[in-house]
Engineer: 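Got a structure for you, questions after.
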Amino acid sequence: MQQIVNFIIKYKYFLFFLLLEFVAIIFTIQSHSYHKSKFVNSANFITGGIHKRVNSFKEFTYLKVYNEQLLEENTRLKNILSQRLNDSIENSIEVIDTVKYFQKYSYLFAKVIHNQYHNKYNYLTIDKGSRNGVQPDQGIINSKGIIGITNSVSNNYATVLSILNENSKINVRLKNSYYFGSLSWDGDDYNILQLIDLPIQANITKGDTIITGGKSTIFPEGIPVGTILDFTKENNAYQHINIKLFNDMSAIGPVSIINNFDKAEINVLENRVSNE
Amino acid sequence: MNDVIKYFILFFALILAQIVVFNNILFFGYINPLLYILFVIIYPLKKDRGVFLLLSFLLGLGIDFFVNSGGINAAALLFIAYIRLPLLKGLLNKNEIDFPVFDVNKLPFLKLISFIAILTFTHHFIVFNLEYFKLGAIFTVLYRTFLTSIFTIILIIFSLLLMNRGK
């Protein structure tokens, strides 16, 4: 007994060091797995507050880019709206069909207050939290494409698992056919992602547009992602399909959070199927 | 000034400086110097080692909270905090380590540089290894360690010079 006590006293710093190092490694391993509500995240009062302050200064340098993005989106939406107007004039009989009024998605405006793109596991922080109705596992997009999925949520802030993260896998498909695959990132260039698991039957060429597939409850179908930059074929399968994003992941300001009203219903249904 | 308050301020100032300034530098698109390890270099040797280890751990964890990196910075900073004393003992003669009055700035220049360089390289190597977490990425890790370390070492030397002039 005396010897054990002596041992502990003699090596107390080393044991203390081992204990803390063990804790740090646990946090690290946890951060490398796809895991919701981690202990160490920037969606809390202090880190969120400081990121917000810093961002309010940085924002000025990007105002021009953000304005152009918003202008582009406005024009696109106005074009869609004017087409719709024509359609409704053509069949001018007004029918109020309540079935058609079932809204599937709603969008919430948010600002990215901390953006990362140079690490291997990147996260963003946005300035909306559970007080504004944000939940984990909601999609984040801007006018030019997808950005990520919400991860940890606090009262006023939320972290977003960026598409520039090894753990991120997003269902996407070709715009001109219904073959789908997953979007992932190899950690190299922050504007080039990889499309994996695309079946060989799909005919692709350089410049084909990739959009979201809508096979999950997170992103609606048809949100633009990017275009095919290059690809290689090996052993009768596609290898390394590189996708150039429409977005510039280094300059992201205003974003929309997608809320899917049918999510709970779909999840219940899918759970029931998997339990049977 | 009271030592406790001084190092308390240094602790928070380094976190803030790292988050607000140095994490936004992005030399060549991806190099961010990690200046916060300055804490381990200038924290006095005579203070209790347990407190020093705990503070290093918390400082690293503070950085991790901001950048969502789990415990990467905490693990690396704690490690160099632990090896600091053995390293100094190895670098210096016995009579040079005079605990109560030991001051990094009074070290001979070459020894100071090697002390800083070894700590920085070790720290950055652990950080990038934990970030990539794959043996296959060893060349990327070494490359990034090397480039980032150069910038960190230059910044640390500059800050030491500045702090000396301030006295």
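Just so you know, these numbers come straight off a predicted model, no measurement behind them. Numbered from 1 within each chain, the chains take letters A, B, ... in sequence-line order.
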Engineer: May I ask you to name which of A/I26, A/N119, A/T159, A/N122 has the most heavy-atom pairs under 4.5 Å with chain B?
Structural biologist: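 Of the options given, most contacts go to A/N119.
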Engineer: Which one, B/S69, B/G71, B/A81, B/A74, leads in non-hydrogen pairs under 4.5 Å with chain A?
Structural biologist: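 With the most close heavy-atom pairs to chain A, the winner is B/G71.
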Engineer: Look at atom OH of A/Y107 and say whether more than 12 heavy atoms of other residues, nucleotides or ligands are closer to it than 6.0 Å.
Structural biologist: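 Above 12, so yes.
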Engineer: Check whether more than 12 heavy atoms from other residues, nucleotides or ligands sit under 6.0 Å from atom CZ of B/F146, and answer yes or no.
Structural biologist: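 It does not: B/F146 CZ has 12 such atoms or fewer within range.
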Engineer: Count the heavy atoms belonging to other residues, nucleotides or ligands that lie under 6.0 Å from NZ of A/K263, then report whether that count exceeds 12.
Structural biologist: yes
Engineer: Can you tell which of B/L61, B/V20, B/V67 has the highest number of heavy-atom pairs within less than 4.5 Å of chain A?
Structural biologist: B/V67
Engineer: Measuring heavy-atom distances to chain B, does A/F14 have an atom under 4.5 Å in its side chain, in its backbone, in both, or in neither?
Structural biologist: both
Engineer: Might you point out which heavy atoms bring A/V54 and B/N24 nearest each other, and give the distance in Å?
Structural biologist: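 Where A/V54 meets B/N24 most closely, the heavy atoms are CG1-ND2, 4.2 Å.
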Engineer: How about B/F66 and A/I50: do any of their side-chain heavy atoms sit closer than 4.5 Å?
Structural biologist: yes
Engineer: Taking every heavy-atom pair that is under 4.5 Å apart, which of A/K12, A/H114, A/E21 has the most such pairs with chain B?
Structural biologist: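 Between A/K12, A/H114, A/E21, the count favours A/E21.
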Engineer: Looking at side-chain heavy atoms only, is the closest gap between A/Y13 and B/D48 below 4.5 Å?
Structural biologist: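 Sidechains of B/D48 and A/Y13: in contact.
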Engineer: Which atom pair, heavy atoms only, marks the closest approach of B/E131 to A/K120?
Structural biologist: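 Looks like OE2-N, 2.9 Å.
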Engineer: Pick one of side chain, backbone, both or neither for B/F79, based on which atoms fall under 4.5 Å of a heavy atom in chain A.
Structural biologist: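 Interface part for B/F79: both.
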Engineer: Does CG belonging to A/L63 count more than 12 external heavy atoms closer than 6.0 Å?
Structural biologist: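 Counting other residues, nucleotides and ligands, CG of A/L63 exceeds 12 neighbours.
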Engineer: With respect to B/F65, which candidate in A/I46, A/N41, A/N44 satisfies the side chain to side chain contact (heavy atoms under 4.5 Å, CB included) definition?
Structural biologist: A/N44
Engineer: Within a strict 4.5 Å, meaning less than it, do heavy atoms of the A/I29 and B/F133 side chains meet?
Structural biologist: yes
Engineer: Looking at chain A, which one of B/L16, B/T140, B/L26, B/I19 has the largest number of heavy-atom pairs inside 4.5 Å, strictly under?
Structural biologist: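 Highest number of heavy-atom pairs under 4.5 Å: B/L26.
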Engineer: Of the backbone (N, CA, C, O) and the side chain (C-beta and beyond), which part of B/N32 lies under 4.5 Å from a heavy atom of chain A, both, or neither?
Structural biologist: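 Only the side chain of B/N32 comes within 4.5 Å of chain A.
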Engineer: Which value, rounded to the nearest 0.5 Å, describes the distance between A/S152 atom OG and B/N68 atom CG?
Structural biologist: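 It comes to 7.5 Å.
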Engineer: Given the options A/F22, A/Y121, A/F27, which has more heavy-atom pairs under 4.5 Å with chain B than any of the others?
Structural biologist: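 Of A/F22, A/Y121, A/F27, A/F27 has the most heavy-atom pairs under 4.5 Å with chain B.
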Engineer: Report which part of A/T125 has an atom under 4.5 Å of a heavy atom belonging to chain B: side chain, backbone, both, or neither.
Structural biologist: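 Just its side chain gets close to chain B.
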Engineer: Any idea which heavy atoms bring A/L20 and B/F57 closest together, and the distance?
Structural biologist: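 The pair with the smallest heavy-atom distance is O-CE1, 3.5 Å.
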